[in-house]
Structure formats: structure tokens, C-alpha cells
Student: 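Just dropping this structure here.
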Amino acid sequence: MIRITNTLSGKKEEFIPLEEGRVKMYVCGPTVYNLIHVGNARAAVVFDSFRRYLEYRGYSVTYVQNFTDIDDKIIKTANEEGISTKRLSDRYVAEYFKDACRLGIEPATFHPRTTDFVNEIIDFISVLQKKGFAYSKNGDVYFDVSAFKSYGALSNRKLSDMRSGARVEINDSKDDPLDFVLWKAAKAGEPSWNSPWKSGRPGWHIECSVMSTTLLGDSFDIHAGGNDLIFPHHENERAQSEAWSGKKWVNYWMHNGMISVKKEKMSKSLGNIFNVREALRVYGPNALRMYLLSKHYRSPMEFSSDRMEEAKASYNRIANAMDEIKRKIGDDTKAVEDSFSKEWRARMNEALDDDFNTPQAFSVIFELVKEALLTDDREHLAKIRALFMEWNYFLGFDFEKKNVNADAFVETLVELRNTARVRNDYEQADAIRKKLKELGVEIRDSSNGSHWRWM
RNA sequence: GGCGACGUAGCCAAGGGGUCAAAGGCGAGGGUCUGCAAAAUCCUUAUUCGUGGGUUCAAAUCCCACCGUCGCCUCCA
């Protein structure tokens with residue numbers, strides 16, 4: 001039984017998909033006007049991993065992750081660069097896929113883009129207006145919050161509390177300061193689309209409602225994203241969607257915690273961001289995945305070089321165990337399924353079924369790492385490796401070492417070093433070891449020969 | 001001001017009424033191995049879970065208060 005903490009109820013609930021054996025899931029993707037940062041990567045990696053876990057557990061998952069390719073910041077950045085918004089967003093969609101690919105994130109079933117759904121968005125808004133949930137003013141269209149009775153249920157807020165809050169903006173054309181824009185009339189020089197109102201473009205929240213219902217249906221299982229999206233983004237999406245269909249829109253809401261830097265949320269507006277591109281270069285994809293999955297997805301976590309080095313060391317312990325298994329039994333030893341495998345698989349499932357508790361999952365893995373390093377039993381080792389490979393379906397590490405073409409050269413150098421050692425020429429031997437280490441090769445001498453591995 | 005989350009060893013981090021004298025990782029100290037290393041391995045590193053009350057036969061786990069940290073209430077993963 002898989003359990004998920006549902007933001008809507010604030011409780012851990014048993015996960016029961018609408019349709020047996022199938023899961024429909026939507027994750028809010030990036031606004032494409034620059035490179036993604038480590039905070040963005042958290043949601044991407046965590047929910048990618050969760051999706052794959054669901055697949056591992058036998059569900060057929062339809063996974064949608066959108067790109068917001070039209071908004072104020074995209075327009076601004078495109079103007080600064082003197083290019084079209086289309087050109088800018090195309091570029092950063094491509095850059096996103098480069099990072100995602102290196103991070104081991106599987107492509108979604110669908111990657112819809114806002115500007116491909118403008119007609120559907122217009123239809124959707126028209127329906128809202130017909131049903132009395134929306135009103136237009138000066139070419140803008142607004143959602144009437146007071147018409148939707150459970151507004152605030154997701155973020156657990158009361159309309160009265162929000163109205164009294166000091167930070168609600170005053171906007172003359174809105175009937176209520178909490179009403180939010182569905183369609184924005186174009187200002188001079190902005191990209192725009194024809195509409196029953198003035199020509200303009202979609203508001204902030206409408207795209208997710210439209211793309212998700214178009215691709216997944218009026219109701220679907222899981223909607224996920226960062227917890228900074230709960231209000232207003234997801235609250236508004238929910239209001240629109242349920243007002244539009246008259247049905248419950250999403251059954252389970254999953255929200256990941258924020259990544260902070262020096263106790264402050266990592267965000268583009270604060271400027272304290274660390275690009276995924278850069279993190280990948282400095283620490284590598286495995287360390288970054290390890291880092292992102294090492295804490296429960298709902299908790300906040302701190303980003304720093306110490307944390308990353310720690311994650312890298314942790315990952316290395318697993319990678320080292322894989323290398324040791326290979327050294328002990330080679331590549332093609334077959335694993336035999338038995339009670340050992342079943343027992344450990346059950347422990348892993350127990351951890352992950354419980355609201356995707358990845359720290360607990362790693363605890364299970366490290367216990368097996370220890371066993372692998374301790375034993376020389378071929379069957380035992382083969383079983384452990386089989387489990388690791390099986391679990392890697394959702395962990396998404398890349399255990400393959402690059403530089404395979406250089407293996408023969410390394411081998412030669414290691415032999416050369418050993419002849420030097422035999423004649424007690426340790427100066428030469430250490431020089432070779434040092435050089436190899438600089439090139440990323442670690443040598444391990446032992447009583448039965450020298451082994452080496454790519455670090 | 002409103003809403004929410006969190007505070008567990010030197011650090012990171014699970015657990016969330018008894019089987020907890022609290023998983024796992026990083027780091028540190030000592031032993032083995034080694035030409036020296038590295039890696040590995042063994043041992044050690046929380047009688048205690050922010051503070052103070054309470055409920056209970058029993059609390060890190062539930063309740064209350066307080067202190068501290070963070071997030072949302074504006075674009076944000």
C-alpha cells in the first residue's frame with residue numbers, strides 16, 4: 001500500500017488511483033527564460049524518481065511536465081536580447097533537456113508548452129465566463145474568487161484573512177483584490193493572440209489547468225510541484241479547473257520543500273542560485289542525485305559545498321561496492337531469486353511506499369553495501385547486485401564509468417608501476433600512482449595484486 | 001498580522017505511544033592490511049531526541065506553553 005502526504009488534507013493517505021493500475025500525474029515545469037538551478041532540479045528529480053518508483057511498482061504512468069513559454073520575464077529577457085520570445089523559450093527548453101538528461105531524468109510522456117494551447121485556453125476561459133466564474137474588464141479577464149466556494153482549501157487560508165493581509169496588491173480593475181487574471185490584454189510590443197476579449201495572452205495559472213485537463217482528463221491522480229506554488233498558483237489552478245468541470249480535479253497534491261542557501265530560500269529573485277549546469281560540472285550527476293534524494297522530499301534542505309561533498313562521498317560508497325562486486329565475481333554471474341531478495345525488496349518497498357521515504361531507502365541500500373563488502377560468496381554478491389540494478393530503475397544513478405576506451409592504457413600503466421615496485425623503485429611507482437590519480441584513476445594494492453577503478 | 005513546517009550525536013538525516021540504551025551517511029580517533037598510501041574491514045563517537053509543564057502503566061513520538069529557525073501570504077521548484 002503506497003501512502004502519500006496530500007497537501008489538500010494535510011494528511012498521509014493511502015494512494016488509490018482513479019483507474020486501477022494507471023496513474024495520471026502532472027508536475028509544474030520551469031518557465032523557460034534561463035538555466036534551471038538546483039532548487040528547480042529538486043522537484044524535477046524527486047518527482048521523476050517517484051514516477052519511476054510507481055512504474056517499478058507496476059503502474060502505468062502518464063506523466064506530464066509543462067514548459068511555461070510566455071510570461072512577463074520571458075518577454076523582458078527576449079526584449080533585452082532583441083529576439084523573439086519563441087526563440088528565447090526554444091533555447092531554454094533545449095537547455096533544460098540537456099540538464100535533465102545529464103541528471104538522469106526520464107522525459108515525460110508529454111511536455112506541453114503554453115503557446116501551443118492558446119486556443120484551448122481561450123475556450124476554457126469562455127466556459128468560465130459563461131458559468132459565471134469570470135468577468136472581463138478592459139480586455140482583461142479575471143476569475144471571481146467569491147464564486148468558488150472552496151477557494152483557499154488547498155492552502156488552508158480564509159478569504160477574510162487574506163483580504164486583511166497587508167501585501168495584497170490593489171488593482172482598480174479587479175472587483176476583489178484576490179481575483180486573479182485569466183487573460184491579459186496585450187500592451188504595446190507584447191506578443192499576443194486574438195481572443196473574444198482584447199488580443200492578449202494567457203494569465204499565470206490558466207495554462208496548467210488547460211494542459212492538464214486536455215492531456216489527462218477532467219480529473220486525475222497526482223499534481224506535484226514545489227511548496228512555494230501552493231499559493232497562489234495551485235490554489236488558483238484548482239479553483240479554475242473545478243469551476244470549469246464541476247468535478248474534483250486532483251486527488252493527491254504533492255509538494256516538495258525548498259532548498260536554501262545560508263538559511264535563505266534559493267530563488268531567482270534573491271539571486272542566490274546555483275545552476276544545475278554548474279553543479280553538474282563541479283560534483284557530477286550522481287552526487288547531485290544523491291544529494292537531492294538524501295532528504296525526505298517534503299523537508300527543506302540546505303545547499304552548500306559541504307553538503308555536496310558529503311553526498312558525493314555517500315554515493316561513492318555505493319559505487320565502490322558495485323566495483324568491488326564486479327572485481328569479485330565479474331560481470332555475468334547470474335542472480336538467483338530467493339528469500340533473501342524477497343526480504344530486502346520488501347524492506348525497500350516498505351520505505352518508499354511510506355510517502356516516498358528516500359532517506360530510509362538509502363539506509364536499506366547501505367546495509368546491503370556493507371554485506372557486499374563483507375562477503376566473497378558469489379551467489380550472495382550476484383543477488384545484491386541484482387537488487388541494486390533493479391532499484392536503480394528509480395534511483396537513476398549512472399554506474400557506467402566513462403573512459404572505457406582508456407582502460408587498456410590504464411592497465412599498461414598499472415603493470416608498469418608494478419614492475420617498478422618489484423624492483424623496489426617506489427619513487428617511480430608513486431609517480432605513476434600520482435599521475436593516474438590526477439587522471440581520475442584510483443589504485444588499490446593488496447596481497448593478491450593491484451586493482452584500480454575510475455573515481 | 002494570518003497560515004504552515006521544523007528543532008534528534010561534531011555535521012547531515014530516518015524514526016513518530018512500548019520491540020528505540022534511537023537506522024543510515026559524512027567526519028573524527030584507535031586496530032588490521034600495505035613499501036608507503038588508498039580502499040576495505042573491526043572497534044569507539046546520543047542513557048538521549050530545543051526548554052518547561054501535562055496525559056499515560058509507558059513519550060523522541062500525544063497535548064499545552066515558551067524559545068529558536070524556515071517557508072507561504074508578490075514572480076518563484
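Keep in mind that this is a model prediction, so the values were computed, not measured. Order of the sequence lines sets the chain letters (A, B, ...), proteins ahead of strands, with each chain counted from 1.
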Student: If I pick the C1' atom on U51(B) and the same atom on C11(B), what distance separates them, to the nearest angstrom?
Tutor: 23 Å

Student: Figure out the CZ/P separation between Phe231(A) and G4(B), and round it to whole Å.
Tutor: 15 Å

Student: Contact class for Lys73(A) vs. all strands (heavy atom < 4.0 Å): base, sugar-phosphate, or nothing?
Tutor: base

Student: When you compare G16(B) with G4(B), how far apart are their P atoms, in angstrom units rounded to a whole number?
Tutor: 22 Å

Student: Applying a 4.0 Å non-hydrogen cut-off, can you work out what His37(A) is touching in the nucleic acid: base, sugar-phosphate, or nothing?
Tutor: base

Student: Taking atom types as they are modelled, is there a donor-acceptor pair under 3.5 Å from the base of C76(B) to the side chain of Ser269(A)?
Tutor: no

Student: Describe the nucleic acid contact of Gly39(A) in one word from base, sugar-phosphate, nothing, applying a heavy-atom distance below 4.0 Å.
Tutor: base

Student: Please tabulate, for the side chains in residues 274-281 of chain A, all donor-acceptor contacts under 3.5 angstrom to protein atoms that are two or more places apart in sequence or on a different chain.
Tutor:
unit_1, atom_1, unit_2, atom_2, d
Arg277(A), NE, Asp99(A), OD1, 2.6
Arg277(A), NH1, Glu95(A), OE1, 3.1
Arg277(A), NH2, Glu95(A), O, 3.3
Arg277(A), NH2, Glu95(A), OE1, 2.8
Arg277(A), NH2, Asp99(A), OD1, 3.2
Glu278(A), OE1, Arg281(A), NE, 3.3
Glu278(A), OE2, Arg281(A), NH2, 2.9

Student: Holding to ring-ring contact (aromatic ring centres under 6.0 Å, His included), I want the full list of residues that pass it with Phe362(A), two or more places apart in sequence or in another chain.
Tutor: none

Student: Let me know the distance between OH of Tyr315(A) and P of A13(B), rounded to the nearest Å.
Tutor: 22 Å

Student: Pick the P atom in G10(B) and in U47(B), then give their distance to the nearest Å.
Tutor: 9 Å

Student: Answer yes when Arg421(A) and Asp445(A) have at least one side-chain N-carboxylate O distance shorter than 4.0 Å, and no when they do not.
Tutor: yes

Student: Please check this pair: side chain of Thr213(A) against backbone of Ser209(A), looking for a donor-acceptor N/O pair closer than 3.5 Å.
Tutor: yes

Student: From NZ of Lys263(A) over to C1' of C11(B), roughly how many Å is that when rounded to an integer?
Tutor: 13 Å

Student: Using atom P of each nucleotide, how far apart are C26(B) and A40(B) to the nearest Å?
Tutor: 8 Å

Student: Could you point out which residue of Tyr92(A), Tyr33(A), Phe97(A) forms a ring-ring contact (aromatic ring centres under 6.0 Å, His included) with Phe67(A)?
Tutor: Phe97(A)

Student: Determine the Euclidean distance between corresponding P atoms of A65(B) and A5(B); express it in Å to zero decimal places.
Tutor: 14 Å

Student: Taking salt bridge (Lys or Arg N to Asp or Glu O under 4.0 Å) as the test, write out the residues that go with Glu235(A), two or more places apart.
Tutor: Arg238(A)

Student: Would you mind telling me which of Asp72(A), Asp71(A), Asp69(A) makes a salt bridge (Lys or Arg N to Asp or Glu O under 4.0 Å) with Arg201(A)?
Tutor: Asp72(A)

Student: My validator wants the stems of RNA chain B: runs of 3 or more consecutive Watson-Crick or G-U pairs, both distances under 3.5 Å, written as range with range.
Tutor: B:1-7 with B:67-73, B:10-12 with B:24-26, B:27-32 with B:40-45, B:50-54 with B:62-66

Student: Base, sugar-phosphate alone, or nothing: which one does Ile36(A) contact when heavy atoms must sit under 4.0 Å apart?
Tutor: nothing

Student: Let me know, please, whether Asn156(A) or Tyr297(A) comes out on the 5' side of the other along RNA chain B by nearest nucleotide.
Tutor: Asn156(A)

Student: Give a yes or no on whether the backbone of Arg289(A) and the side-chain of Tyr315(A) come within a donor-acceptor separation of less than 3.5 Å.
Tutor: no

Student: Please determine if Arg317(A) forms a cation-pi arrangement with Phe366(A), meaning its NZ or CZ atom is less than 6.0 Å from the six-membered ring centre and no more than 45° off the ring axis.
Tutor: no

Student: Contact class for Asn357(A) (heavy atom, under 4.0 Å): base, sugar-phosphate, or nothing?
Tutor: sugar-phosphate

Student: Closest nucleotide of RNA chain B for Asp354(A) versus for Glu324(A): which of these residues is on the 5' side?
Tutor: Asp354(A)

Student: Using OP1 and OP2 only, check whether a side-chain N or O of Lys295(A) sits under 4.0 Å from A13(B).
Tutor: yes

Student: Within the structure shown, what part of the strands sits under 4.0 Å from Gly257(A) by heavy-atom distance: base, sugar-phosphate, or nothing?
Tutor: base

Student: Contact class for Asn40(A) (heavy atom, under 4.0 Å): base, sugar-phosphate, or nothing?
Tutor: base

Student: If you look at every strand shown and take non-hydrogen atoms under 4.0 Å, does Ile365(A) touch a base, only sugar-phosphate, or nothing?
Tutor: nothing

Student: Give one of base, sugar-phosphate or nothing for Lys265(A), where a contact means two heavy atoms less than 4.0 Å apart.
Tutor: base

Student: Is a donor on one side and an acceptor on the other found under 3.5 Å between the side chain of Thr419(A) and the backbone of Leu416(A)?
Tutor: yes

Student: Within the 4.0 Å heavy-atom criterion, would you say Ile230(A) contacts the bases, only the backbone, or no part of the nucleic acid?
Tutor: nothing

Student: Ignoring hydrogens and angles, are the base of G35(B) and the side chain of Asp430(A) linked by a donor-acceptor pair under 3.5 Å?
Tutor: yes

Student: Without decimals, in angstroms, what is the distance between Leu8(A) CG and C3(B) P?
Tutor: 18 Å

Student: Roughly how far apart, to the nearest Å, are G71(B) and G30(B) at atom C1'?
Tutor: 44 Å

Student: In this structure, which one of Arg345(A), Lys383(A), Arg385(A) forms a salt bridge (Lys or Arg N to Asp or Glu O under 4.0 Å) with Glu390(A)?
Tutor: Arg345(A)

Student: For G50(B) versus G18(B), give the span between their C1' atoms, rounded off to a whole number of Å.
Tutor: 24 Å

Student: Determine the interatomic distance between C1' on A39(B) and the same-named atom on A22(B); round to the nearest Å.
Tutor: 30 Å

Student: Applying salt bridge (Lys or Arg N to Asp or Glu O under 4.0 Å), name anything that partners Asp430(A), two or more places apart in sequence or on another chain.
Tutor: Arg433(A)

Student: Looking across every strand, which nucleic acid part, if any, lies under 4.0 Å from Met266(A) by heavy atom: base, sugar-phosphate, or nothing?
Tutor: base

Student: Is the phosphate of A40(B) approached by Asn320(A) (side-chain N or O, under 4.0 Å from OP1 or OP2)?
Tutor: yes

Student: Determine, for nucleotides 22-28 of chain B in 5'-to-3' order, which nucleotides have protein heavy atoms under 4.0 Å from the base (write B), from only the sugar-phosphate (write S), or from neither (write -).
Tutor: -BSBS--

Student: So which nucleotide from G35(B), A40(B), C76(B) ends up closest to the side chain of Ser267(A)?
Tutor: C76(B)

Student: Expressed as a whole number of angstroms, how long is the span from Arg298(A):CZ to C72(B):C1'?
Tutor: 13 Å

Student: If you go through the side-chain atoms of Arg433(A), does one of them form a donor-acceptor pair with the base of A37(B) closer than 3.5 Å?
Tutor: yes

